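Report on one structure; see the data block that follows.
All of these numbers come straight from a predicted model, not from anything done at the bench. Protein chains get the first letters and strands the later ones, always in sequence-line order, with residue 1 at the start of each.
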Amino acid sequence: MNNDDILIVNNLKKYYPVSKISFGKNKSYVKAVDDVSFTIKRGTTMGLVGESGCGKTTVGRTILRLHEVTDGQVIFDGKDLSEIPSRELRKMRPQIQMIFQDPYSSLSPRLPVGEIIGEAVKEHKIVPKEQYRSYILKVMRDCGLQPQYYYRYPHEFSGGQRQRISIARAVALNPKFIICDEPLSALDVSIQAQIINLMKDLQEQYGYTYLFISHDLSVVEYISDTIGVMYLGSMMEMGDKKRIFANPMHPYTKALLSAVPISNPDVKMNRIILKGDIPSPINPPSGCKFRTRCPHAMPICAEKKPVLKEYEEGHKVACHLYSQE
Amino acid sequence: MGLLDKLKRGKIEGVDNTTYLTLKDERRISKENNKIIKKYEKENNRKNVSEEEYLTQMMDPANVVEFDNLHTYFFTDVGTVKSVNGVSFDIPQGQIVGVVGESGCGKSVTSLSLMRLVQAPTGQIVSGSIRYQDKDGKCYDITKMPKDRMLKIRGKDIAMIFQEPMTSLNPVFKIGYQMDEVVLLHTEGATPESAKARSIEMLNLVGIAAVEKVYNSYPHELSGGMRQRVMIAMALSCNPRLIIADEPTTALDVTIQAQILELLRDIKEKINGSIMLITHDLGVIAEMVDTVVVMYAGRIIEKGTVREIFHNPKHPYTIGLMKSKPGSHNTKGDRLYSIKGQVPNPINMPNHCYFYNRCDKAMGICSQEYPGMIQFSPTHFAACHLYNEDGSDKSEEEKERR
Amino acid sequence: MALNTENEKKQNYTDHQDYAETEAEQHFRVISPSRMVAKRFFKSKLSIVGLIMIIFVFVFSFIGPFIVDATWGYKETEVFKIERTTDMVTMAQFTGPDGKVYDYYDKSQTQVLFKAPPSFDHWLGTDTSGFDIFTRLMYGGRISLTISFIVIFIETILGIVLGGLAGYYGKWVDQIIMRVVDIFACLPGMPILLVLSATISSIESIPAEHRIYYLMGFLTLMGWTGVARVVRGQILMLREQEYMMAAETTGIKSINKIMRHLVPNTMPQLIVSATLGLGGIILYESTLSYLGLGVPFPRAAWGSMIALADPSKGQEILANYPNMWVPAGILIVITVLGFSFIGDGLRDAFDPRMKR
């Protein structure tokens, strides 16, 4: 393996049984993540985009083993996270951190900010005891939080500041890899830019690797180096950001890009309006999962599942429009 | 004493320790509020109000709705929240007006004031008027209208589409039943059969393929996009003059959002009504609307046609909003422009420009008085001290002087 | 709207200084969630009324006995024989000269030692055994409150542990505990208590004064299921909160997760349910005492004091001696109402959205 790759996800699957308690075997599953593979290089940002229910959040949580892996490998820094025992996993936890979507439910309401940020720092002994407080204050300053917030409680803060606290909590553990699960979607536009800048600054300063999960294409375009486009639990297109935005190959990616409203009243996009809704992940369409909404669907799409294949350097697509051999 | 200990004891110099209200103050405030609220509630609950009292004249007969210096306050126990603080704008017949702003800027409260659905008793329309012109050219002041009269306008002449289509449909009734109910309530002489026919016609109009199936299903059986279509169909069923769409696509995915926006535009053409579109998404505004109203902390800071606002924004807040959105203009990896600070706390707002604290171009005068509306073109206004009365830029004058 | 002086101060302050330091939110004063709850609690008049009621009952029953003892030097079982003459009316019959039987009232004067009316020495008079009623009210309150607090305390601990286990570990642990809860929940409380107390009374090795503890033990056993359900539900809800997930990703130990994140966040519901439960236990205890199954005779209990007026033993006390039973009834009402007011006030204070 390449030492440059901090995270390698191989054929990751996460199925949820549909009926909770049943006699005999569970027969139907929600295939939240269905055979997804990707790698992330050290110090880069990978954006994961897709609509609701496409499994992007589940990918993030399964990497962290907040949900057990159904099948496949998650290799972080040379270790297979899906196999190590939970005690060892707990010790490894600080290296991979997560920033959550909802800044209101991601902070425990009964702990002061200093505690929220420092709780795990104490437990994992990230810094010697005598440096603890100054370390927390430094982290807070890095994240744009004033020292007097140390003893305050989350209910006194607005969404943007709460998200900063959430980021500080992750950063304080000195992680190598941070999963950002829609960190901006609950924030106001003027605050989003602040948080994006903060995340970029921290990355430049400390060399973090991000997995940035979002449904907002313009944010993903701005922050990521590589992009994966997911649909119904499968990766549709993946590759270098510039290549994907300049030359989207998969019909879904094309539709997704054209659907983003543009802040210019004079530019009228030649919009591809997709028909219908996202099918249920319990019973996804056979073959290519996108075929039911695809404007270019062919007979073969219903029969065979397209494989993710590299067509130009660092640009993989799973579509029958392109030769699959 | 270390820094933190000082902080714990609140002994940092210059830091005021008395931000929080004491119990006594809160009691006093709530007592005063009760008095004020009682006064307004009494006014609202009057019966047998003669029509002359709320009949009025439109400033411009081409408008469906005119907001005139509207003030809607919330009298809470921690102080008065001036959610809408002197808002004036017009919604012309057959146009889409976009109201844009961040959370808490009062954009939703403005629309709720128009529907007279502001959460009573804490929320009250304090002053100003909302003039509404009905199909026969009669003009009413909605703020003075009695409650029972308002029922005839709400849902019929002015319909609303909400952000969360799941919670705005009743989960225990079938779609068809809920749609028919609206028609039966607002159409004179409607029979159950004609109501059903109308509902189905409307479902067809919003582009639902399996109409009968949807008509007979429960809300939870439909996807988010489908539910929003049903909501739109329901809003259309009484031939409204105005549709208020409050963040209609925020809860939806991009591809579905594109469908719904397309539909809204289509609908407007078909019914020849007006739409008041409330959103925080500048992209949606740019694509959809004819005129834009930008709100900040309960006030309008800039309004104009969509081209004026997007090509020639005047207020630093509008400019900042546009610049801070990642997009084609800043993908080179340089830092995003960001407006500093937080969205202001709406209680006890200062009497200077509300954006002063976050503004890059703040000047001395900005902290002294609230700027008046300055006219740049017949349709373009902004409230900012950067410009002179005639619309010229003060800073450029200064440059010239040097 | 008039603003208070504090806000005016703040206003000036904001005017003169640089924004970064003076934004209203950044003024430094820690206000913790518990202080906020306290503030909201004291804002409601009803909860203050409840608090005053409960404080009154507490002072009356826990400090009162000492004062009585110190001032007059007697306890609840001191017998006062106060001689007084009362009219006694009896009904009798005689056969008249015409051979018919006639009823007549015979009025005579008798000497009685007990059932003294209120006087300066005995504010509420004495009862059928010559005990001072006022003093007995204090002692009765003491036993009711002590028992109900102990029951609620043990019940809550039991509920937290079992409900917590069920909620946190889920799966089969949850299944077993919740089925046990279901079984307990379908037992009818009162009938079983009656049968149980009859059984206990017939066992000679249990002294009469211990009977009440066995019964209360049984009440505890019945009561924990409610607490367990509340705790389990709360934990299931909290587990879905993102901060629990965050605690998991930061890799802190399970015990810390439970103690620092779960338990403090279940506290609001628990405190409310415990406060509201207190009133219920007091009613149970009074009912038992009323039925003669509670605290045995010479000792006082509110329930048994009311039982003096039991109409099945004659209407006399019910009709002529309200001073014997009305005050005990009032105290029960005050206590139960007080706990309800406090409980409701706490619930609104913990979750302001529940209001309206």
Checklist line | Side chain, backbone, both or neither of B:Gln259 within contact of chain A (heavy atoms, under 4.5 Å) | finding: both
Next item on the list: Name, in order of residue number, those residues of residues 301-312 of chain B that have a heavy atom at a distance of less than 4.5 Å from a heavy atom in chain A; otherwise write 'none'.
Entry: B:Val306, B:Arg307, B:Phe310, B:His311
Item checked: B:Glu287 side chain to A:Ile262 backbone, donor-acceptor under 3.5 Å -> yes
Margin query: Below 4.5 Å, heavy-atom pairs only: which of B:Thr255, B:Ile339, B:Leu282, B:Leu261 has the largest tally toward chain A?
Written below: B:Thr255
Note to self: If you define the side chain from C-beta out and look only at heavy atoms, does anything of A:Ile227 sit under 4.5 Å from A:Phe245?
What the structure shows: yes
Checklist line | Short side-chain to backbone donor-acceptor contact, A:Ser258 and A:Ile272, under 3.5 Å | finding: yes
Notebook entry, point to check: So what's closer than 4.5 Å to chain A heavy atoms on B:Glu102: side chain, backbone, both or neither?
Noted result: both
Notebook entry, point to check: Which residue out of A:Leu217, A:Asp266, A:Ile278, A:Leu187 racks up the most heavy-atom pairs below 4.5 Å with chain B?
Noted result: A:Asp266
Note to self: Keeping A:Glu237 on the side-chain end and A:His250 on the backbone end, is there a donor-acceptor pair under 3.5 Å?
What the structure shows: yes
Next item on the list: Output the option from A:Lys242, A:Arg293, A:Gln192 having the highest count of non-hydrogen pairs under 4.5 Å with chain B.
Entry: A:Arg293
Next item on the list: Check whether A:Ile191 gets within reach of chain B through its side chain, its backbone, both or neither, counting any heavy atom under 4.5 Å.
Entry: both
Check: Which one of A:Ala193, A:Gly144, A:Ser280 has the most heavy-atom pairs closer than 4.5 Å to chain B?
Finding: A:Ala193
Item checked: Contact leader toward chain B among A:Gly114, A:Gly50, A:Ala255, A:Pro265, where contacts are heavy-atom pairs under 4.5 Å -> A:Pro265
Item checked: Side-chain donor/acceptor of B:Asp253 to backbone N/O of A:Ser52, under 3.5 Å -> yes
Note to self: Quick check on A:Leu274 against chain B: is it the side chain, the backbone, both or neither that has a heavy atom closer than 4.5 Å?
What the structure shows: both
Margin query: Could you check whether any side-chain N or O of B:Tyr296 sits under 3.5 Å from a backbone N or O of B:Gly101, counting only pairs where one atom can act as donor and the other as acceptor?
Written below: no
Margin query: For a side-chain contact (heavy atoms from CB on, under 4.5 Å) check, start with the C-alpha distance between B:Leu169 and B:His220, then their side-chain angles and the critical distance, and finish with the verdict.
Written below: CA-CA 9 Å; B:Leu169 285 168; B:His220 70 94; over 6 Å; no
Check: Do any N or O atoms from the side chain of A:Lys241 and from the backbone of A:Glu221 form a donor-acceptor pair under 3.5 angstrom?
Finding: yes
Note to self: Once ring-ring contact (aromatic ring centres under 6.0 Å, His included) is applied, what residue pairs with a partner in residues 181-208 of chain A remain, sequence neighbours excluded?
What the structure shows: A:Tyr206-A:Tyr208
Margin query: Is it the case that the side chains of A:Gln101 and A:Ser185 hold a donor-acceptor pair, with the cut-off being a distance below 3.5 Å and no angle test?
Written below: yes
Notebook entry, point to check: What part of A:Asp216 gets closer than 4.5 Å to chain B, counting heavy atoms only: side chain, backbone, both or neither?
Noted result: neither
Next item on the list: Carefully, step by step, assess B:Val284 and B:Val100 under the rule side-chain contact (heavy atoms from CB on, under 4.5 Å).
Entry: CA-CA 10 Å; B:Val284 172; B:Val100 66; over 6 Å; no
